[in-house]
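A quick note: this is a predicted structure, and the numbers were derived from the prediction, not measured.
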Amino acid sequence: MSENVRLFVTATRYGLIEHARNRFAMLLVAVFIPLFVTLAGLIITDTQVPFRLRDTDIVVRPNGNELAQISGALTAVCLIIGFMMFAATFSSGAFDRRLCMAGFPRVALGLAKIACLVVAALTVSAYATVAICFSWSPHQPILLAAALFCDAMTYGALGVVFGTLLRREVEGMFAIAMISCFDMVVQNPIASIGADGDFVRWLPSYGAMQASTAAGFSENTPFAGLAVQLAWFSASVLVGLVAFHLRTRSALGPTMPIGVPGQSAKH
């Protein structure tokens, strides 16, 4: 095993341990997701609601409570993964910078954060899919899990971006909560009259909402929606990695010897 791979594995292991120690996040995963899905099924009316799948221009008419469970599951995984990645990135910012200044490769640290995000998103999206399947039977549960996973990855990457760029913890939490709530409320025809408007195409969860609704109530596979979601994730990861690179630059110049008095004045 090469040195870079060993360092990547080490950083990933410690990152996963840090996530596992976030007891509040673990409680949210265990309780909030099934509770949210169950309450949506009980509280929201079961009246059929039209929802247009834009990739195929097919209008499905799911029961309102079942559509609310899908949008609720998307909201839950976005919030949980977004908060987890933000908290981990924000709390480890100073330590990451010290590691990089000591010679730990930035590439290994950055890839470790992505690996932790993948593991967390896989776990939470699979759990949310199982919670929905206990209430009713989606037409394509694997596609539903894939849509939830892609949305979780997108908001997890946004959590890394906010954890790297923002200076206060409350700012990041507020940003993730407001973006995810606005994102899903606008796309839900139960709560929004603009759910069928062109504006929804620009929302972070548009592709996931289209794919998960198709998975729940049709036999169609919206590849375009999944591609849009992957594009959002890729853009978020790119911004996060650039921000992480800039924040972990060494405070010392490349030619500045350490411990030489007056050296900085010459430069």
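- No option in L143, T129, I132 other than I132 meets the side-chain contact (heavy atoms from CB on, under 4.5 Å) test with P138.
- In this structure, S212 contributes its side chain and M209 its backbone to a donor-acceptor pair below 3.5 Å.
- Heavy-atom minimum distance, N188 versus S71: ND2-OG, 3.1 Å.
- Transitive grouping of hydrophobic side chains (ILVMFWY, heavy atoms separated by less than 4.5 Å) brings F32 and M26 into a common cluster.
- Between W136 and F217, the ring-plane angle classifies as parallel under the 30° and 60° cut-offs.
- Residues F134 and P34 form no side-chain contact, since every pair of their non-hydrogen atoms from C-beta on lies 4.5 Å or further apart.
- Judged purely by atom type and a 3.5 angstrom limit, H139 uses its side chain to pair as donor or acceptor with the backbone of G216.
- The shortest distance between side-chain heavy atoms of C116 and T12 falls below 4.5 Å.
- Under a hydrophobic-cluster definition in which Ile, Leu, Val, Met, Phe, Trp and Tyr are linked whenever side-chain heavy atoms come within less than 4.5 Å, directly or via other members, M84 and L74 are assigned to the same cluster.
- Side-chain atoms of P189 and L67, non-hydrogen and from C-beta on, do get closer than 4.5 Å to each other.
- Between G156 and M85, the shortest heavy-atom distance links the atoms O-CB, 3.3 Å.
- Using a 4.5 Å heavy-atom threshold, the side chains of L79 and Y155 count as separate.
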task: Kindly determine whether T154 and Q229 satisfy side-chain hydrogen bond (donor to acceptor under 3.5 Å, both in side chains), including the steps that lead there.
output: CA-CA 7 Å; T154 300; Q229 199 62 50; 2.9 Å; yes
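- Checked by atom type, the side-chain pair E18/S92 shows no donor-acceptor distance below 3.5 Å.
- When only modelled atom types and interatomic distance are considered, D183 and Q187 share a side-chain donor-acceptor pair under 3.5 Å.
- Using a 4.5 Å heavy-atom cutoff, the side chains of F86 and I81 are not in contact.
- Cluster membership check: I80 does not share its hydrophobic cluster with V161, using side-chain heavy-atom separations under 4.5 Å among Ile, Leu, Val, Met, Phe, Trp and Tyr.
- Contact record, L109 with A11: CD2-CB, 4.1 Å, taken as the closest heavy-atom pair.
- In this structure, L117 and V160 have side chains that are not in contact, with every pair of non-hydrogen atoms separated by 4.5 Å or more.
- Through chains of ILVMFWY side-chain contacts below 4.5 Å, L27 is grouped with V31.
- At a threshold of 4.5 Å between non-hydrogen side-chain atoms, the residues F182 and L203 count as touching.
- Looking at every heavy atom in both residues, A88 comes nearest to H19 through CB-CE1, 3.6 Å.
- Heavy atoms only, all atoms of each residue included: S218 and Q140 are closest at O-NE2, 3.0 Å.
- Residues passing the ring-ring contact (aromatic ring centres under 6.0 Å, His included) test with Y206: none are found, sequence neighbours excluded.
- Through side-chain heavy atoms spaced under 4.5 Å, either directly or across other Ile, Leu, Val, Met, Phe, Trp or Tyr residues, L42 is tied to no other residue.
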